[in-house]
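A short write-up of the structure that comes next.
For this chain, numbers begin at 1 and follow the sequence in order. Atoms within each ligand, like the ligands themselves, are counted from 1 in listed order.
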Amino acid sequence: MSLQTSLIYTKGGYQSYDSAKLGLLTHALHYGTACFEGIRGFWNEALQELFLLDLQAHYDRLQASARILFMSMPETTAELIEITRELVRRNAFRTNIYLRPIIFKSSEEIGVRLHDLEEQFALIAVPFGRYVQAENGLRVCTSAWRRIDDTAMPARAKVTGAYVNSALAKSEAVLSGFDEAIMLSADGHVSEGSAENLFLVRHGVLHTPDCSQNILEGVTRRTVIELAREAGIDVVERAIDRTELFVADEIFLTGTAIGIEPVVSVDHRKVGSGEAPVTRRLLSRYDDVVHGRDPAFRSRLTGVYH
Ligand SMILES: Cc1ncc(COP(=O)(O)O)c(C=O)c1O
């Protein structure tokens with residue numbers, strides 16, 4: 001099935017991707033006035049089931065982002081979960097997928113503002129493989145672009161306009177020969193990657209920037225913190241200096257698209273010994289969780305077919 005013929009959900013019904021059209025003056029296109037989520041679905045061959053990961057957390061975050069942009073979602077989180085299952089079922093996906101719900105200011109008029117505008121919700125589902133191509137971990141750089149500050153743009157909301165910040169950093173990194181960028185906050189502390197949260201291990205303790213470091217409050221980040229604590233690993237959420245990246249024993253990035261991905265070098269400095277036992281342990285646990293092999297986390301998965 002091609003993207004064009006796949007089914008999407010919008011304006012209260014299901015239709016083909018190709019038949020959904022937007023006018024060129026759509027507000028969100030000009031002013032970045034939309035918010036969205038990225039959600040993954042993992043195909044389990046043995047169970048012949050497609051598991052959608054953390055729908056509740058993603059739709060709750062979408063509702064929170066929408067609130068910040070003076071939008072009100074037409075559907076409740078419970079309704080969105082049902083719509084999502086139905087959309088995937090209608091597309092009959094039997095592979096890993098990526099879901100992109102988005103709510104955007106749909107009025108076709110000139111004028112920058114957030115109030116007195118119409119809104120439209122849409123949900124698109126596509127087959128999805130690996131997000132990063134690096135086979136042996138990521139070579140990252142700290143970006144010259146600073147992470148947007150909450151005083152200028154709400155970092156905890158997944159607002160489309162804010163992704164220009166991520167795109168600037170990502171392209172700068174890739175065009176300079178790196179795989180990914182780490183952005184610092186305006187005051188010089190480590191914030192996050194272009195679309196990932198960051199963790200480092202020092203002396204057996206896991207450290208990650210706290211929620212006041214202009215991070216997106218990642219769903220995967222939360223799961224990793226839970227998995228680590230469950231495994232008896234201490235987790236500290238705090239401000240992290242750039243040079244701590246150079247002396248860390250392990251570093252990894254987390255995100256819906258990327259999962260858990262080890263970082264092998266930062267600004268040309270090799271990370272630790274390269275063995276990364278904590279990262280490998282968490283990765284293996286995360287893999288079990290997302291594929292429905294861990295009964296304790298089964299409630300985080302929504303099955304599509306059964
Ligand atoms: C800027 C940014 N930070 C972090 C993340 C990781 O968040 P999550 O684990 O919810 O995907 C994402 C991806 O959604 C992101 O876009």
Side-chain angles (χ1 to χ4, degrees), residues 32 34-42 52-66 68 77 96-103 124 126 128 130-132 138 140 142-143 145-150 152-173 179-186 189-200 206 208-228 235 237 240 251-261 263 282-283 285-287 289-290 297 300-301:
C35 50
F36 68 104
E37 276 299 316
I39 305 173
R40 288 206 72 166
F42 294 90
L52 307 177
L53 182 61
D54 278 319
L55 285 181
Q56 176 84 35
H58 284 287
Y59 281 128
D60 283 351
R61 187 170 63 188
L62 187 62
Q63 305 270 11
S65 299
I68 291 174
T77 292
N96 291 347
I97 61 165
Y98 189 83
L99 294 156
R100 170 52 55 81
I102 183 165
I103 178 163
I124 305 120
V126 290
F128 199 69
R130 265 175 76 88
Y131 180 67
V132 285
L138 302 170
V140 309
T142 47
S143 179
W145 295 100
R146 295 294 170 100
R147 170 75 177 152
I148 46 164
D149 191 84
D150 195 57
M153 177 86 97
R156 64 176 38 74
K158 225 170 145 55
V159 178
T160 55
Y163 277 80
V164 173
N165 181 228
S166 290
L168 285 165
K170 175 81 180 210
S171 286
E172 177 197 48
D179 301 311
E180 185 51 278
I182 304 302
M183 285 180 281
L184 306 180
S185 59
H189 289 114
V190 173
S191 182
E192 61 179 358
S194 67
E196 309 89 13
N197 293 115
L198 179 142
F199 286 82
L200 63 83
L206 202 52
T208 191
D210 65 85
C211 290
S212 68
Q213 303 301 320
N214 295 306
I215 62 168
L216 182 81
E217 297 171 357
V219 174
T220 321
R221 173 183 181 276
R222 212 188 305 158
T223 304
V224 165
I225 291 173
E226 232 177 297
L227 291 175
V235 185
E237 299 179 60
I240 292 174
I251 302 175
F252 59 87
L253 301 182
T254 67
T256 298
I258 206 170
I260 298 177
E261 194 67 31
V263 171
L282 290 169
L283 227 166
R285 288 283 295 112
Y286 186 73
D287 203 52
V289 167
V290 302
F297 283 83
R300 304 272 279 274
L301 302 172

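Contact analysis puts Lys158 in contact with ligand 1, with a non-hydrogen atom separation below 4.0 angstrom. Using a 4.0 angstrom heavy-atom cutoff, Ser194 counts as in contact with ligand 1.
Note that NE2 of His189 is 9.5 Å distant from OG of Ser212, once rounded to the nearest 0.5 Å. Rounded to the nearest 0.5 angstrom, Phe252 CZ and Asn197 CG are separated by 10.5 Å. A distance of 14.0 Å separates CH2 in Trp145 from CG in Leu184, rounded to the nearest 0.5 Å. Atom CG of Leu301 and atom CG of Leu53 lie 6.0 Å apart (nearest 0.5 Å). Distance CZ/Arg300 to CG/Asp54: 4.5 Å, rounded to 0.5 Å. Separation of atoms CD1 (Ile97) and CD1 (Ile39) is listed at 9.5 Å; rounding is to 0.5 Å.
Taking only nitrogen or oxygen atoms, main chain and side chain alike, Glu217 does not reach within less than 3.5 Å of ligand 1. Close N/O approach between Arg147 and ligand 1 is not found [any backbone or side-chain N/O within under 3.5 Å]. Checked by distance only, ligand 1 and Arg61 come closer than 3.5 Å through their nitrogen or oxygen atoms. Annotation: Gly193 places no N or O atom under 3.5 Å from an N or O atom of ligand 1; distance criterion only.
Within ligand 1, counting atoms from 1 as listed, the ones closer than 4.0 Å to a heavy atom of Val219 are 8 (P), 9 (O), 10 (O). The atoms of ligand 1 that sit less than 4.0 Å from any heavy atom of Gly218 are 7 (O), 8 (P), 9 (O), 10 (O). Applying the 4.0 Å criterion to heavy atoms of Thr256 picks out, from ligand 1, the atoms 8 (P), 9 (O), 10 (O), 11 (O).
Checked against salt bridge (Lys or Arg N to Asp or Glu O under 4.0 Å), Glu217 has the following partners two or more places apart in sequence or in another chain: Arg156. Every residue two or more places apart in sequence or in another chain that forms a side-chain hydrogen bond (donor to acceptor under 3.5 Å, both in side chains) with Thr77 is listed here: Asp60, Gln63.
Nearest protein heavy-atom neighbour of atom 9 (O) of ligand 1: Thr220 OG1, 2.5 Å. At the shortest separation from atom 3 (N) of ligand 1 among protein heavy atoms lies Glu192 OE1, 2.9 Å. Atom 16 (O) of ligand 1 has as its closest protein heavy atom Tyr163 OH, 2.4 Å.
Checking Gly255, Ala195, Ala155 against atom 13 (C) of ligand 1, the nearest heavy atom belongs to Ala195.
Neither the backbone nor the side chain of Glu37 comes within 4.0 Å of ligand 1, counting heavy atoms alone.
Glu37 has no carboxylate O lying under 4.0 Å from a charged side-chain N of Arg100, or vice versa, which leaves the two without a salt bridge.
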